[in-house]
Number of protein chains: 2
Amino acid sequence: ADDEDTFKILIATDIHLGYLEKDAIRGNDTFVTFDEIMKQAMQNEVDFVLLGGDLFHDNKPSRKTMHCCIEVMRKYCMGDRPIIFEILSDQAVNFSHSKFPWVNYLDTNLNISIPVFSVHGNHDDPTGTDGLCAIDLLSCAGLINHFGRSRSVEKLEISPVLLQKGNTRIALYGIGSVPDERLYRMFINNQVTMLRPREDEDGWFNLFVIHQNRSKHGATNYIPEQFLDDFLDLVVWGHEHECKIAPVRNEQQLFYVTQPGSSVITSLSPGEAVKKHIGLLRVKGKKMNLQKIPLQTIRQFFIQDVTLSEHPDLFRPEQPNVMLKVMAFCQEKVEEMLEEAERQRLGNPLTPEKPLIRLRVDYSGGFEVFNTMRFSQKFVDQVANPKDILHFIRHRESKDNIKECMDFEALLSRPTSEVLQLRVEDLVKEYFQTAEKVCILYMCVEDADQSLVNIPLSPLQTFHRIMRK
Amino acid sequence: ADDEDTFKILIATDIHLGYLEKDAIRGNDTFVTFDEIMKQAMQNEVDFVLLGGDLFHDNKPSRKTMHCCIEVMRKYCMGDRPIIFEILSDQAVNFSHSKFPWVNYLDTNLNISIPVFSVHGNHDDPTGTDGLCAIDLLSCAGLINHFGRSRSVEKLEISPVLLQKGNTRIALYGIGSVPDERLYRMFINNQVTMLRPREDEDGWFNLFVIHQNRSKHGATNYIPEQFLDDFLDLVVWGHEHECKIAPVRNEQQLFYVTQPGSSVITSLSPGEAVKKHIGLLRVKGKKMNLQKIPLQTIRQFFIQDVTLSEHPDLFRPEQPNVMLKVMAFCQEKVEEMLEEAERQRLGNPLTPEKPLIRLRVDYSGGFEVFNTMRFSQKFVDQVANPKDILHFIRHRESKDNIKECMDFEALLSRPTSEVLQLRVEDLVKEYFQTAEKVCILYMCVEDADQSLVNIPLSPLQTFHRIMRK
């Protein structure tokens with residue numbers, strides 16, 4: 001029940017305003033969906049909106065993108081609805097980098113009805129000598145509260161924004177995007193500190209927003225969940241585009257993780273085909289509930305994989321005219337997806353007309369590729385991505401890549417499954433135990449690119465490097 | 001006296017935010033001066049600020065520039081001081097291009113204490129398919145009122161912003177920067193209409209803001225004052241950087257023209273060496289008074305011309321070591337200017353430390369130029385423009401250029417002095433009288449570049465063109 005003790009928070013991330021803004025078909029998708037998200041915030045009368053980074057797709061958004069963003073925020077975030085939660089922390093600390101270091105809704109010159117809190121993502125991170133990012137313009141104009149920002153590259157000390165509504169108190173932590181290797185190293189070196197309120201330490205709901213790789217892209221190119229403090233209650237994970245918004249319990253750290261996912265499809269991969277949602281988070285005391293809100297304006301995306309060698313009854317590589325047969329087969333698959341898209345779309349007037357379609361064709365086993373441009377011509381008026389419907393893949397190659405990566409990890413004597421169960425303390429302990437061996441590896445790689453470990457190196461390259469030392 | 005019937009308006013133009021922002025010495029000049037200007041507005045408790053265009057130097061201002069601009073505007077334009085003038089015109093017409101088509105101080109969500117009205121200049125004019133300009137971002141954020149905008153390239157119909165304070169009523173007209181040739185043609189074709197209030201037509205103080213060439217750069221590459229309607233009371237002329245802020249009466253049209261000039265020195269020419277001011281305009285009924293406010297934060301600029309051939313007692317071209325003598329002479333001149341700068345600067349703590357220095361050396365008569373970079377090395381710590389202190393000129397060449405230009409005008413049988421006394425009606429009449437001859441000339445030139453008359457053509461080129469027809 002929405003009572004005076006219940007915080008209502010709209011959670012969204014990776015809105016990527018301006019993505020493909022020059023595309024004749026998809027150009028307005030991000031603006032339309034941002035409008036939908038903020039309208040949901042207004043209709044649900046949330047206390048605030050919490051964004052997980054990458055509000056903008058480009059570090060330097062175009063004038064049109066900035067204009068659309070400002071328009072939507074002024075439209076939905078300003079108004080007379082009163083705000084009934086307090087800020088207990090020192091705002092000058094929480095927003096120390098801002099020219100107006102206080103939360104926008106307490107500025108007497110601005111009539112804010114929905115405050116928006118956001119960390120920055122890797123797409124809209126601070127750059128240049130002034131260390132400004134795109135959301136700093138919004139912050140300066142009083143439209144957003146940019147938090148979770150640090151100037152140090154060695155050390156993070158996170159002062160939470162402390163919020164109170166009735167008897168519920170939230171400690172809001174955030175880390176704006178940092179290169180994964182750097183943040184990984186800071187965690188390993190015990191240089192990430194989350195400050196906790198002195199008063200009634202256990203009486204707070206601890207909410208943390210992070211914008212990093214969650215899935216493992218390499219040994220240190222992601223942030224393992226077990227790095228995060230176990231006093232947290234809920235982690236909102238930005239950056240990952242697949243919608244996994246239902247909170248998942250980390251059984252080791254005993255917190256929950258919600259991954260809202262992006263609100264626009266930026267790659268035609270299976271993760272982006274998952275139905276997209278934003279979250280309506282309710283927090284009362286230490287209890288929470290997260291309601292999924294499906295987004296209505298998302299462009300449909302259908303993806304299907306076919307393996308040509310699995311259909312020997314239809315075609316074989318040595319047959320004459322095999323290519324025509326394969327083309328007809330692919331065409332049929334695309335048409336099936338288009339029909340399914342049309343059926344689903346009829347139920348929702350907000351869905352854009354043309355879907356995204358991707359057919360991944362595994363042509364290993366002696367088949368040949370054909371001209372995808374010519375193939376796509378047939379669908380030019382029906383799909384939103386006529387230029388890249390078909391994608392030819394060869395299964396064996398990708399297996400090889402994975403194998404090479406695994407071999408490299410074996411060198412570090414730390415298999416994937418093991419790492420996932422380690423905690424920071426264990427990693428540090430192990431670090432010193434295997435210091436000699438690891439040091440050599442670290443040193444030689446650090447030489448090259450200043451990062452702790454550089455994953456794209458093959459085992460052979462690594463050996464060569466070690467030998468040279 | 002500042003009473004309830006007196007409008008107080010701060011007038012400034014060509015602030016060029018971001019000009020040379022990457023220069024280590026001059027990088028912050030425009031931001032500092034913009035702060036000074038807005039502070040003056042606050043301290044003088046003006047009713048509003050009126051800007052004449054080119055608030056930004058770059059069409060796409062950098063993040064830093066936008067951030068500085070938003071910061072200054074939020075700092076000075078927001079607050080509790082009440083605004084005591086009304087808007088009588090239809091704001092949806094005045095601000096029809098805006099997503100929030102009303103004046104910012106009437107928006108209940110914004111607590112504006114100083115509204116800023118601005119036209120755009122040629123540096124910050126609308127571009128792209130969306131027709132947005134940099135000040136539209138400020139307008140969308142509620143920080144500025146962008147007026148005087150038109151989408152047509154053929155025709156201008158200007159609806160004034162009608163303002164009333166006590167018994168004083170102002171009709172505020174504006175035209176955002178338009179290419180001079182195009183606007184010239186529109187005037188000639190009678191396509192510029194200034195609408196007048198139906199009620200009590202003569203009871204208004206008619207104030208007009210324009211951002212065009214005022215000085216004649218070519219036959220149609222400027223806007224003659226007599227093109228403007230004679231019902232106007234005061235014209236605020238932007239774009240021209242020389243400060244000629246004291247209103248000058250146009251004896252033919254019976255209006256006054258004030259040219260505030262830029263608030264930053266963007267070229268090291270004599271016009272920019274004139275002391276820079278902004279204006280405090282008071283309007284009561286049909287009477288006005290313009291008080292000059294000298295700007296304190298302007299970087300000093302000293303410019304001096306020397307003609308080497310005028311000093312035969314000091315050096316002659318044929319002497320040995322003449323170059324060393326000339327260098328010593330120039331060095332002395334620069335040192336004189338530096339001393340004078342230092343003397344003047346001591347009186348004003350807001351003046352930037354290093355002055356701009358320009359010595360123009362006419363070396364005609366057989367003298368040779370020397371390495372200006374080496375010369376400048378001596379002053380690298382004392383001047384703000386060490387790279388271009390010296391400028392070598394040869395007087396004869398520039399005379400030739402002027403002559404050629406004049407000859408071309410003679411072809412059009414319309415000498416400069418005559419044009420300046422013509423009014424639009426006369427020009428139209430003359431146009432038809434000399435239609436045959438002029439038509440040929442117009443046609444052939446229009447072919448080339450779509451503009452009515454193309455001045456850079458030499459008389460010879462023009463003759464060739466006519467012969468070809």
Side-chain angles (χ1 to χ4, degrees), chain A residues 21-22 24 27-28 31 35 56 58-81 97-102 104-105 107-114 124-144 146, chain B residues 21-22 24 27-28 31 35 56 58-81 97-102 104-105 107-114 124-144 146:
Chain A
E21 63 178 304
K22 290 191 174 156
N28 283 319
F31 308 130
D35 192 280
F56 295 101
D58 291 310
N59 188 281
K60 291 182 180 152
S62 73
R63 184 135 71 214
K64 182 187 172 184
T65 297
M66 281 309 288
H67 196 265
C68 283
C69 179
I70 292 172
E71 180 195 349
V72 168
M73 299 198 82
R74 182 168 166 196
K75 187 163 75 172
Y76 292 113
C77 300
M78 298 193 120
D80 286 334
R81 200 165 60 81
H97 55 278
S98 172
K99 294 289 181 181
F100 302 90
W102 50 83
N104 64 347
Y105 81 88
D107 191 307
T108 52
N109 294 325
L110 301 166
N111 197 30
I112 301 291
S113 56
I114 306 179
D124 50 12
D125 62 330
T127 55
T129 47
D130 302 287
L132 293 171
C133 64
I135 59 175
D136 286 330
L137 290 182
L138 302 176
S139 149
C140 195
L143 292 168
I144 212 167
H146 179 198
Chain B
E21 63 178 304
K22 291 190 175 157
N28 284 318
F31 308 131
D35 192 280
F56 295 102
D58 291 309
N59 188 281
K60 290 180 181 153
S62 73
R63 184 135 72 214
K64 180 187 174 184
T65 298
M66 281 310 287
H67 196 265
C68 283
C69 178
I70 292 172
E71 181 196 347
V72 169
M73 298 197 84
R74 183 169 165 196
K75 186 163 76 171
Y76 292 112
C77 300
M78 298 192 121
D80 286 334
R81 201 165 60 82
H97 55 278
S98 172
K99 294 289 180 181
F100 302 91
W102 52 83
N104 64 347
Y105 81 87
D107 191 308
T108 52
N109 294 324
L110 301 167
N111 198 30
I112 300 292
S113 55
I114 306 179
D124 50 11
D125 61 331
T127 55
T129 48
D130 302 287
L132 293 172
C133 65
I135 57 174
D136 286 330
L137 290 183
L138 303 175
S139 148
C140 195
L143 293 168
I144 211 167
H146 178 199

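All chains are named by letter (A, B, ...) in the order of the sequence lines, taking the proteins before the strands, and each is independently numbered beginning at 1. No hydrogens, no waters, no symmetry mates; every other heavy atom, side chains included, goes into these values.
- For B:Ser62, no part lies near chain A; criterion is any non-hydrogen pair under 4.5 Å.
- Counting all heavy atoms, side chain and backbone alike, A:Ala141 lies closest to B:Arg74 at C-NH1, 4.0 Å.
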**Asked** Should A:Met78 and B:Leu110 be marked as a side-chain contact (heavy atoms from CB on, under 4.5 Å) after you check the CA-CA gap, both sets of side-chain angles, and the distance that decides it?
**Response** CA-CA 9 Å; A:Met78 298 193 120; B:Leu110 301 167; 3.7 Å; yes
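- Closest of all the heavy-atom pairs between B:Glu71 and A:Phe100 is O-CZ, 3.6 Å.
- The candidate with the highest count of non-hydrogen atom pairs below 4.5 Å against chain A, out of B:Lys75, B:His67, B:Lys60, is B:His67.
- Heavy-atom pairs under 4.5 Å with chain B peak, among A:Thr108, A:Leu138, A:Leu137, at A:Leu137.
- Options A:Gly128, A:Ser113, A:Cys133 differ in how many heavy-atom pairs under 4.5 Å they form with chain B, and the most are formed by A:Cys133.
- Contact check for B:Asp80 versus A:Asn109: side-chain heavy atoms found under the 4.5 Å cut-off.
- Only the side chain of A:Lys99 has a heavy atom closer than 4.5 Å to any heavy atom of chain B.
- Here the shortest heavy-atom pairing between B:Arg63 and A:Asn59 reads NH1-O, 2.6 Å.
- In terms of heavy-atom pairs under 4.5 Å with chain A, the best-connected choice from B:Ile70, B:Leu143, B:Leu132, B:Ile112 is B:Leu132.
- Residue B:Asp130 touches chain A through its side chain alone, counting heavy-atom pairs closer than 4.5 Å.
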